Amino acid sequence: LKEERAKAAEARKREAGLLAELEAIDRRLSEKRKQVALLDGRIQRAQAEMGELQHDIARLESQRAGQEDAMAERLRAMYRLQVQGGALPVLLSGDDPVAQAVRLRHLATLATVDARMIREYRVTSEGLADRKDRLEVRRKEMSALRTEAEGERAEADREAGKRRVILARVKDERVYHDRM
């Protein structure tokens, strides 16, 4: 009986040490849960940003398609003009120099409009390429964040498993010694 009481007392002492270990595991577990929560928040922000980027990409693609249509229409008009002999016969026709100057000014305005359309198309295309690059970077970030979050969750699950094993072992030992 004395031996069993001594073993029970020893088990209680070990239980105190195990309680300290359990507290440490609980702290690590809560830290892991906080890290997982932070990672989940970052994942949600990245998903929201990806949604915005996809919306921007769709908008820019639509805008670029409209610009391509306008430039195609402009090119068709220029081709028709070229088939008819080009711009010079139109400019040089007629004897009125004032009318010729007005026609030349109109053509210069059209050339300026064409140059602006081309610049806008370039800006749109560059913006689209930039958004697509940023979207790809965000996708890679999301993948890394998800991998990290899964790792943290797995580690938290291992810590929780350790905790359960220790608790079960302590409980079993205590019950055994108390019974004895």
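From a predicted model like this one, the values you see are computed outputs, not experimental measurements. Residue numbers start at 1 and run along the sequence shown.
Taking the side chain as every heavy atom from C-beta outward, Lys162 and Glu159 approach each other to under 4.5 Å.
Salt bridge Arg28/Glu31: absent, no basic N to carboxylate O contact under 4.0 Å. In summary, Glu73 and Arg76 engage in a salt bridge, as defined by a charged side-chain N under 4.0 Å from a carboxylate O. Salt bridge present: Glu150 and Arg153 bring a charged side-chain N and a carboxylate O closer than 4.0 Å.
Nearest heavy atom pair, residue Ala149 against residue Asp40, reads CB-OD1, 4.4 Å.
In the hydrophobic clustering of this structure, Leu128 groups with Met50; members are Ile, Leu, Val, Met, Phe, Trp, Tyr whose side-chain heavy atoms approach within less than 4.5 Å, directly or through other members. Linking Ile, Leu, Val, Met, Phe, Trp and Tyr residues whenever their side-chain heavy atoms come within less than 4.5 Å places Val113 and Ile118 in a single cluster. Taking hydrophobic clusters as Ile, Leu, Val, Met, Phe, Trp and Tyr residues chained together by side-chain heavy-atom distances below 4.5 Å, Ile25 does not share a cluster with Val36. Grouping the Ile, Leu, Val, Met, Phe, Trp and Tyr side chains by contacts below 4.5 angstrom, directly or via other members, places Leu29 apart from Leu22.
Within 6.0 Å of CZ on Arg169 lie more than 12 heavy atoms contributed by other residues, nucleotides or ligands. Arg74 CZ: more than 12 foreign heavy atoms inside a 6.0 Å radius.
With rounding to the nearest 0.5 angstrom, the CD atom of Glu120 is 11.5 Å from the OG atom of Ser125. Distance check: Gln54 CD to Leu135 CG gives 5.0 Å after rounding to the nearest 0.5 Å. Between atom CE of residue Met117 and atom OG1 of residue Thr112 there is a gap of 13.0 Å, rounded to the nearest 0.5 Å. To the nearest 0.5 Å, atoms CG (Leu53) and CZ (Arg138) are separated by 7.0 Å. Atoms CG and CD, on Leu145 and Gln44 in that order, are 11.5 Å from each other to the nearest 0.5 Å. Atoms CD and OH, from Glu68 and Tyr121 in turn, are 3.5 Å apart once rounded to the nearest 0.5 Å.
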TODO: Please test Arg45 against Glu49 for side chain to side chain contact (heavy atoms under 4.5 Å, CB included), starting from the C-alpha separation and ending with a verdict.
DONE: CA-CA 6 Å; Arg45 284 191 297 279; Glu49 191 172 332; over 6 Å; no
- [ ] Evaluate side chain to side chain contact (heavy atoms under 4.5 Å, CB included) for Arg116 paired with Arg119, printing each intermediate quantity in order.
- [x] CA-CA 5 Å; Arg116 189 178 72 229; Arg119 263 194 319 274; 3.8 Å; yes
- [ ] Evaluate the criterion side chain to side chain contact (heavy atoms under 4.5 Å, CB included) for residue pair Asp133 and Glu136; output intermediate values, then yes/no.
- [x] CA-CA 5 Å; Asp133 290 343; Glu136 189 58 35; 5.8 Å; no
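For the pairing with Asp130, the side chain to side chain contact (heavy atoms under 4.5 Å, CB included) check across Arg134, Lys132, Glu126 returns one residue only, Arg134.
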